[in-house]
K.L.:
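What follows is a structure written as C-alpha cells; I'll ask about it next.
Predicted, not measured: the structure shown is a model, and the values here were computed from it.
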2 protein chains.
Amino acid sequence: MPLSATRSPAEPAVLSEGARRIVCAAAPLFAAKGFSGVSITDIAAAVGGSKANIFHHFPNKKALYIEAIRFVCQSLRSRLEPVADADRAGGNPLVMLAGRRLQQMFDEPDAVRLILREVFVGEKGIDRSLVAEILQQNFGQFVGELRDEQRAGRVRRDIDPALVAITILALNNFFFRTWKILARFEEFAGYDTPQACAAAALETLSKGLTNV
Amino acid sequence: MPLSATRSPAEPAVLSEGARRIVCAAAPLFAAKGFSGVSITDIAAAVGGSKANIFHHFPNKKALYIEAIRFVCQSLRSRLEPVADADRAGGNPLVMLAGRRLQQMFDEPDAVRLILREVFVGEKGIDRSLVAEILQQNFGQFVGELRDEQRAGRVRRDIDPALVAITILALNNFFFRTWKILARFEEFAGYDTPQACAAAALETLSKGLTNV
DNA sequence: GTCTATATATTGATAGAC
DNA sequence: GTCTATCAATATATAGAC
C-alpha cells in the first residue's frame, strides 16, 4: 500500500511508474462515467494490464479514485500561473481573463470534468477539501487579477471583484458543459463557438463593469 | 411492462400507484448518486418493498431511471408559469426574475439535481432530448420575460436577452450547486445566503444591464 | 511488478407462490 | 401487486507463482 489516504490533499503524491500509468488511464474514465460507473476491469483494460496489478498499487478502488483527483488537481494547478503584465494590455480585460480560463478548461477537459464532478456532485465518501482547495486557489487568484485591473483603472473600482469572478466562473462552467445543447437553441444561432458566445456575454456585461 | 420507452418525452406517463411510489423513492437517490451509483436493492429499501416488485412495474433499471427523469421534468414544468404583470413592478427586474428561478431550484433540489445531472454529465444511453426539451422551454420562457422587460424599458434595449439569460442561469446554477463550498471562502464572508449573494451579483451586473 | 486463478459479495433480472 | 427464493453475470478484492 504505497499511498496514504490521510496525506494532505495538497501534498504531491510520489507515484511509481506503474501506478502513474494506472492513474493516467483511470482519470479520463472516472471523469466520463463517475466512480461507480467505472469498474476495475475497465481500468485494467484501458491501461493494458491486469486487475490484480491495480490492487497491488492501490489498496482499493476508492484510493485509486482519490489519487486520480489528486493527479488532475496537481496538473491543473501548474497551469494557473498569473498572466504576465505584458499580455494584459489592449482589449476588454474581462474577455481576456475569462477567455484564458475557458481555454484552459477546453485544453484539459478530462481533468476539469473530474474536478467539476466532485465540486458539483460529490462522490461517495470522498473528501471535498481536496477539490475545494483547488477551487479556492483558482478563485482567489482570479479575484486578485480582477483587483489588479481595478487598480489599473480598466475595471470599475466600486464593485466587488468576487461577484465579478463568480459570474465569470459560472459562465465559463456553463459554456464548457452545455454548449452542445445550447448550440441547438435558436437564440444562439449567431454564435459559432462557446468562446465567441462567452466573449459576447462578457462584452455585454462589461457595459456596466468596466471603465473606459 | 406498463411503460413504453419510445413514448414522446413530453407525453405524461400514466403510472399506477405502486409505480408512482417507486419513482418517487428512486428519483432522489438517482439525483444524489447517479444511475450506476444506485442499485435496485437501494431503491427497494427506500420504497420499503421488494426488488421483484420493481421489475414488475418497470422492465429494467434504465426504464425506471427514464421514468424518474420524466416525472421530475413534469413536476418542474408545472412550476414554470410566467410571472404575472402585477408582480413585476418595483425593484430590479433581473433580481426578481432570477431570484424567482433560484428559489424554484432550492424548492425542488432533488428534481433539479437529477435534471442537471443529465444536462451536465449525461448518463449512459439516456436520450438527452428529454432534458434538452425542458431546458429549452425554461430558457425560451426566460428570454421572453427579459424581452418583456426590454419593451417596458426596465432593461436596456441594445443587448441580446439570450446573453443575459444565459448569464443568470449560469449564476443560479453555480450558486445552487457550490454555495456550501463558496460560503467558506473569505471573499463571500459578507453574504449570508446564496440568494443574497446572487442578488448582489445581479445588482452589480445591472449597472450596465438596466436603464433607470 | 506483473501475472493467472480464485474467492466472495453484489449486481440486474427471473420464476413462481400467494 | 407483492412477495421469497434464486439465477447468471459482474463487481471488488485476494492468493500465490514468476
Side-chain angles (χ1 to χ4, degrees), chain A residues 1-5 13-69 71 114 117 123-126, chain B residues 1-5 13-71 114 117 123-127:
Chain A
M1 181 166 118
L3 299 170
S4 162
V14 185
L15 293 177
S16 65
E17 173 61 23
R20 202 193 55 82
R21 281 177 53 233
I22 293 170
V23 166
C24 288
L29 293 179
F30 282 135
K33 305 169 83 167
F35 178 80
S36 47
V38 178
S39 71
I40 301 293
T41 303
D42 295 334
I43 299 170
V47 80
S50 68
K51 293 193 285 182
N53 194 41
I54 293 177
F55 287 107
H56 168 75
H57 288 285
F58 305 92
N60 51 52
K61 185 185 174 184
K62 195 161 102 174
L64 169 57
Y65 182 75
I66 292 177
E67 209 56 40
I69 291 183
F71 181 78
L114 185 51
R117 186 181 283 274
E123 291 284 354
K124 45 172 74 168
I126 305 294
Chain B
M1 180 167 118
L3 299 169
S4 162
V14 184
L15 293 177
S16 67
E17 172 61 21
R20 202 193 56 83
R21 281 178 54 233
I22 293 171
V23 165
C24 287
L29 292 179
F30 282 135
K33 305 167 82 167
F35 178 80
S36 48
V38 178
S39 70
I40 301 292
T41 303
D42 296 333
I43 299 170
V47 81
S50 67
K51 292 196 289 179
N53 193 41
I54 293 178
F55 287 107
H56 168 74
H57 287 285
F58 305 92
N60 51 54
K61 185 184 175 185
K62 196 161 102 176
L64 168 57
Y65 182 76
I66 291 177
E67 209 56 40
I69 292 183
R70 220 189 299 265
F71 181 78
L114 185 52
R117 184 182 284 274
E123 291 285 352
K124 44 172 73 169
I126 306 294
D127 184 8

K.L.:
Compare the minimum distances between each of D/dT12, D/dC3, C/dG12 and the side chain of A/K51, then state the nucleotide with the smallest one.
P.N.:
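The nucleotide sitting nearest to the side chain is D/dT12.
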K.L.:
Over how many whole Å does the gap from B/I22 atom CD1 to D/dC3 atom P extend?
P.N.:
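B/I22 atom CD1 is separated from D/dC3 atom P by 9 Å.
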K.L.:
Does A/F30 form a side-chain contact (heavy atoms from CB on, under 4.5 Å) with A/R117? I'd like the steps, not just the answer.
P.N.:
CA-CA 9 Å; A/F30 282 135; A/R117 186 181 283 274; over 6 Å; no
K.L.:
Any side-chain N or O of B/T41 under 4.0 Å from OP1/OP2 of C/dT11?
P.N.:
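Looking at the OP1 and OP2 atoms of C/dT11, one of them is under 4.0 Å from a side-chain N or O of B/T41.
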K.L.:
When rounded to the nearest 0.5 angstrom, what is the spacing between NE2 in B/H56 and OG in B/S50?
P.N.:
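If we round to the nearest 0.5 Å, B/H56:NE2 and B/S50:OG are 10.0 Å apart.
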K.L.:
I want to verify a distance call: between C/dG1, D/dA13, D/dT4, whose nearest atom is closest to the A/S16 side chain?
P.N.:
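Nearest listed nucleotide: C/dG1.
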K.L.:
Any chance you could measure A/I22, atom CD1, to A/L64, atom CG, to the nearest 0.5 Å?
P.N.:
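Spacing of CD1 (A/I22) from CG (A/L64) equals 7.0 Å.
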K.L.:
Side chain of B/A52, heavy atoms from C-beta onward: which of C/dG1, C/dT14, C/dT4 has the nearest atom to it?
P.N.:
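It is C/dT14.
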K.L.:
To the nearest Å, how far apart are B/K61 NZ and C/dT10 P?
P.N.:
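Those two atoms, NZ and P, are 15 Å apart.
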K.L.:
Can you check the A/R21 CZ to C/dC3 C1' distance for me, whole Å?
P.N.:
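Going from CZ in A/R21 over to C1' in C/dC3 covers 13 Å.
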K.L.:
Are any non-hydrogen side-chain atoms of A/V23 and A/F58 less than 4.5 angstrom apart?
P.N.:
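Yes. Closest side-chain heavy atoms under 4.5 Å.
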K.L.:
Whole angstroms only, please: what is the CG-C1' distance between B/D42 and C/dG12?
P.N.:
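One finds 12 Å between C1' of C/dG12 and CG of B/D42, rounded.
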K.L.:
To the nearest Å, give me how far apart CG (B/L29) and P (C/dT11) are.
P.N.:
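Distance check: B/L29 CG to C/dT11 P gives 13 Å.
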K.L.:
B/K62 NZ to C/dT11 P: how many Å, rounded?
P.N.:
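Atom NZ in B/K62 sits about 20 Å away from atom P in C/dT11.
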K.L.:
How many Å lie between CD1 on B/I40 and P on C/dT11, as a whole number?
P.N.:
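Spelled out: CD1 on B/I40 to P on C/dT11 is 10 Å.
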K.L.:
Under 4.0 Å: is that the gap between some side-chain N or O of B/S39 and OP1 or OP2 of C/dT10?
P.N.:
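For B/S39, the contact criterion (side-chain N or O under 4.0 Å from OP1 or OP2 of C/dT10) is not met.
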K.L.:
When you measure from the side-chain N and O atoms of B/S50 to the phosphate of D/dT4, is any distance below 4.0 Å, counting only OP1 and OP2?
P.N.:
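Looking at the OP1 and OP2 atoms of D/dT4, neither is under 4.0 Å from any side-chain N or O of B/S50.
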K.L.:
A/H56 NE2 to D/dC18 P: how many Å, rounded?
P.N.:
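After rounding, the reported distance stands at 18 Å.
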K.L.:
Within the 4.5 Å heavy-atom criterion, are A/Y65 and A/L114 side-chain neighbours or not?
P.N.:
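A side-chain contact exists here, since the closest heavy-atom pair is under 4.5 Å.
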K.L.:
Need one value for B/V47: base, sugar-phosphate or nothing, where a base atom within 4.0 Å counts as base even if backbone is also close, heavy atoms only.
P.N.:
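Counting heavy atoms under 4.0 Å across all strands, no contact is made by B/V47.
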